[in-house]
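Here is the structure we will look at.
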Amino acid sequence: MRASGKYPDHNVFPSVVKSCALLLDVKLGESVHGCIIRFGMDYDLYTCNALMNMYAKFHSLGLSGSHGNGKHKMLDGMSERMFSSEVSGELIHKFEKRMMSIDQNVSLNKVKCVSPQINGNSEFTDRSYRETHDSYMGEEERSARMDSVRKVFEMMPRRDLVSWNTVIAGNAQSGMHEEALMMVREMGNANLKPDSFTLSSLLPIFAEYVDVSKGKEIHGYAVRNCFDEDFFIGSGLIVMYARCNRVEDSLWVFSILPRQDAISWNSIIAGCVQNNLYDEGLRLFQQMLKAKVKPRQVSFSSILPACAHLTKLNLGKQLHGYIIRAGFDDNVFIASSLVDMYAKCGNVKVARWIFDKMELHDMVSWTAIIMGCALHGHAHDAISLFEQMEMGGVRPNYVAFVAVLTACSHAGLIDEAWRYFNSMTQNYGIAPGLEHFAAMADLLGRAGKLDEAYKLISSLERPVGSVWSTLLSACRVHKNVDLAEKVAKEIFEVDPENVGAYILLSNIYAAAQRWRDASKLRVFMKVKGIKKNPACSWIEVKNKMHAFVSGDKSHPSCDKIYETLKVLLEKMEQEGYVPDTSEVFHDVEEEQKKQLLYGHSERLAIAFGIISIPAGTTIRITKNIRMCADCHTATKFISKIVEREIVVRDNNRFHHFKGGKCSCGDYW
DNA sequence: ATAGGGTTAG
């Protein structure tokens with residue numbers, strides 16, 4: 001059109017600007033902006049709105065333009081250009097008029113905050129927000145990046161709701177939350193009421209700050225103004241409640257939506273999975289398919305962690321098949337969750353294979369494979385991968401150090417662990433957190449350096465129960481009752497309801513034959529109403545999960561299972577198996593102790609696996625607590641007798657049993 | 001003609 005000599009009018013530019021935004025073409029966008037100024041179209045409301053949206057998008061994506069040197073090419077040079085010979089007298093007139101109207105407008109920064117309508121019954125743009133969340137505020141650097149947007153905004157002769165919503169969204173998405181909230185207040189001064197667009201920019205802010213009371217105020221405002229049936233508000237609320245650990249409220253919001261679109265489905269599925277409601281997440285995923293809503297790429301990265309946590313390898317494989325057929329396997333989010341899923345389901349080889357096939361590795365995918373290797377006891381692979389990551393220029397973060405320290409911990413690599421622990425602070429400026437201290441304490445404790453571990457934890461300003469607990473389990477392994485009592489005391493001081501600590505201490509007493517102390521603790525727990533989750537093991541057979549508790553008689557194949565165990569026990573004893581009753585924590589006769597071991601949940605699951613999974617294939621068991629020493633020995637024998645690989649995931653790590661040996665080398 | 005929502009590693 002330009003080549004043909006026709007002059008574009010103000011109807012043309014919004015679409016052209018939008019195209020630049022969608023193409024992420026900063027240079028083109030800026031030159032179109034120049035063109036807009038030359039044609040005097042920069043007074044046009046729609047054109048300015050589109051320009052602000054474009055710049056906001058560039059900035060939120062970190063795309064830099066000419067603002068980098070503090071000078072804005074288009075805006076700073078504008079007046080000269082406006083008065084150049086190219087511009088007609090009429091345009092000059094318009095420009096002067098516009099400048100006058102801006103002068104009458106109070107500059108943004110000087111607006112005094114008067115409560116806008118929205119604040120009549122809402123406090124969600126309250127000043128106090130700045131004080132409580134100061135550390136998250138946008139720094140100067142960030143606000144410089146929003147300069148172009150602000151400049152366009154300030155020069156506009158007239159601003160409508162879209163203008164405000166665009167700037168608010170731009171600020172919100174660039175992490176400048178304070179500014180976004182401030183502009184909502186100022187919007188009220190301009191007699192504009194927040195609408196559903198405004199709210200959908202605010203919800204993610206309160207989600208990020210886990211501020212459910214502000215989030216609920218938005219919900220209330222949405223209901224009063226009939227925005228609560230809006231798709232965008234709906235998913236915003238679902239995400240906000242999920243992030244605030246109020247997933248019941250997310251489910252409620254989801255259920256009363258008049259219709260659900262792909263994103264509301266994905267929001268609720270992700271919300272459930274993030275709140276550990278894995279079965280509910282999977283159920284909703286199936287419902288989504290039933291409702292003929294096609295899963296998108298994000299659906300898979302949301303649902304795969306559920307398979308990983310529940311060790312649903314077969315389901316994970318089916319999803320993987322779908323992912324490949326849909327061509328989603330090059331998505332870095334999906335690939336990382338596949339790596340994690342395969343590793344957590346016991347198949348670290350496939351995890352590594354997928355990782356190696358990825359074109360680009362980001363820190364999350366590196367961390368996923370490093371943690372995968374760590375859980376399977378492949379510490380040297382984990383360390384080598386960590387070094388490859390560093391050499392490849394990917395900066396490890398907090399979580400990456402958790403992963404590499406976990407690897408050291410499971411292999412007893414004390415020197416390496418200290419090296420990483422120190423490097424974290426010295427080379428990367430990351431302050432070690434609870435997880436890192438827990439990993440170090442775990443490592444020292446497991447290696448028998450209980451005093452050193454005690455000293456390390458005591459050096460913490462406010463040690464929490466979870467860190468002390470690692471030392472308590474080490475006390476159990478090394479049968480140190482005195483230290484255990486000391487540690488337990490520390491735990492109960494900060495966390496008097498810590499179920500795990502009561503159980504551990506009671507078991508430590510029992511192992512030391514101090515039955516009275518053990519039962520005293522059990523009685524105390526009963527009186528206090530502290531209940532523990534029952535120990536159980538589960539196994540996936542033909543897409544169905546079968547769960548067992550100790551001494552379980554409820555399974556349909558119960559008779560066959562116990563028959564199998566009986567036959568196995570005879571063969572095991574022939575091979576030299578002697579039951580180790582030292583970890584039976586009930587004060588009963590020796591024979592009864594053997595009976596108790598015999599019915600441990602992992603053995604029932606393994607026996608069921610042997611009779612229901614084809615010969616030659618790996619048997620995969622998941623357990624919710626640490627394997628007991630006797631089951632560990634027994635499983636070694638079983639793997640040899642039935643000539644099958646048995647993989648057990650306990651709450652701590654993986655054990656691969658094969659030919660009478662375990663991959664952990666009995667160090668765990 | 002212009003503005004808003006969902007994802008991976010602990």
Side-chain angles (χ1 to χ4, degrees), chain A residues 9-18 21 41 44-54 56-57 159-170 172-173 194-204 207 227 230-240 242-243 250 261-271 273-274 295-305 308 328 331-341 343-344 351 355 358 361-372 374-375 396-406 433-436 438-439 466:
Chain A
D9 70 359
H10 65 275
N11 292 312
V12 172
F13 286 108
S15 312
V16 177
V17 171
K18 187 176 184 175
M41 298 299 176
D44 178 64
L45 178 63
Y46 285 81
T47 303
C48 289
N49 287 347
L51 277 171
M52 291 192 296
N53 177 49
M54 177 186 77
K57 189 170 186 195
R159 305 178 188 105
D160 68 353
L161 192 53
V162 176
S163 324
W164 285 93
N165 281 342
T166 306
V167 188
I168 290 166
Q173 286 162 8
D195 69 350
S196 64
F197 281 81
T198 326
L199 301 193
S200 63
S201 292
L202 297 180
L203 281 170
F227 301 142
D230 181 297
F231 277 151
F232 290 79
I233 300 295
S235 51
L237 287 170
I238 290 168
V239 170
M240 183 275 296
R243 163 98 179 146
S250 303
D261 71 352
I263 297 184
S264 18
W265 278 107
N266 288 329
S267 307
I268 192 64
I269 291 168
V273 174
Q274 287 155 2
R296 317 241 197 132
Q297 309 219 6
V298 280
S299 318
F300 293 98
S301 33
S302 302
I303 201 64
L304 280 167
F328 293 165
N331 175 308
V332 65
F333 286 85
I334 293 177
S336 304
S337 26
L338 280 172
V339 167
D340 183 58
M341 185 276 292
K344 294 233 171 77
F355 177 83
M358 290 174 73
H361 294 132
D362 65 356
M363 205 215 345
V364 174
S365 52
W366 279 109
T367 306
I369 191 66
I370 291 168
M371 196 63 193
L375 291 176
N397 72 350
Y398 190 96
V399 188
F401 276 103
V402 174
V404 76
L405 289 175
T406 304
L434 291 176
E435 291 93 336
H436 307 105
S466 60

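Lettering of chains follows the sequences in order, A, B, ..., and the numbering in each one begins at 1.
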From [options], nucleotide with atom closest to [X] side chain:
X	options	result
A/Phe231	B/dG4, B/dG5, B/dT2	B/dG5
A/Asn397	B/dT2, B/dA3, B/dA9	B/dA9
A/Ile233	B/dA9, B/dT7, B/dG4	B/dG4
A/Asn53	B/dT8, B/dA3, B/dA1	B/dA3
A/Ser337	B/dT2, B/dT8, B/dA9	B/dT8
A/Gln274	B/dG5, B/dA3, B/dT7	B/dT7
A/Val364	B/dT2, B/dT7, B/dT8	B/dT8
A/Lys344	B/dA9, B/dT8, B/dG4	B/dA9
A/Asn49	B/dA3, B/dG4, B/dT2	B/dT2
A/Tyr46	B/dA9, B/dT2, B/dG4	B/dT2

Does [X] make a side-chain donor-acceptor contact with the base of [N], cut-off 3.5 Å?
X	N	result
A/Ser267	B/dG5	no
A/Ser301	B/dT7	yes
A/Asp230	B/dG5	no
A/Asp261	B/dG5	yes

Checking all strands, does [X] fall into the base, sugar-phosphate, or nothing category for heavy-atom contacts under 4.0 angstrom?
X	result
A/Val239	sugar-phosphate
A/Pro204	nothing
A/Val339	nothing
A/Asp195	base
A/Ser196	base
A/Ser336	base
A/Phe300	nothing

Looking only at heavy atoms, which two atoms of [X] and [Y] are closest? And how far apart?
X	Y	value
A/Thr198	A/Pro194	OG1-CA, 3.5 Å
A/Ile303	A/Val273	CD1-CG2, 4.3 Å
A/Ala308	A/Asp340	CB-OD2, 3.9 Å

From [atom1] of [X] over to [atom2] of [N], roughly how many Å is that when rounded to an integer?
X	N	atom1	atom2	result
A/Asn11	B/dT2	CG	C1'	12 Å
A/Lys57	B/dG4	NZ	C1'	13 Å
A/Met54	B/dA3	CE	C1'	15 Å
A/Asp340	B/dT8	CG	C1'	8 Å
A/Leu45	B/dT2	CG	C1'	8 Å
A/Lys18	B/dG4	NZ	C1'	12 Å
A/Ile334	B/dT7	CD1	P	14 Å
A/Met341	B/dA9	CE	P	12 Å

Practice task
Would you indicate whether the side-chain heavy atoms of A/Leu45 and A/Ser163 approach each other to under 4.5 Å?
Solution key: yes

Exercise for the section: Output all residues satisfying ring pair (Phe, Tyr, Trp, His ring centres under 6.0 Å) with A/His361, sequence neighbours left out; order by chain, then residue number. Expected result: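 Checked A/His361 against ring pair (Phe, Tyr, Trp, His ring centres under 6.0 Å); matches are A/Phe355, A/Trp366.
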
Problem - By ring pair (Phe, Tyr, Trp, His ring centres under 6.0 Å) - contacts of A/Phe328 (at least two apart) - result: A/Phe300

Exercise for the section: Carefully, step by step, assess A/Ile268 and A/Ser250 under the rule side chain to side chain contact (heavy atoms under 4.5 Å, CB included). Expected result: CA-CA 7 Å; A/Ile268 192 64; A/Ser250 303; 3.7 Å; yes

Problem - Distance below 4.0 Å between A/Gln173 side-chain N/O and B/dA3 OP1 or OP2 - result: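 It does not, given that no N or O in the side chain of A/Gln173 lies less than 4.0 Å from OP1 or OP2 of B/dA3.
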
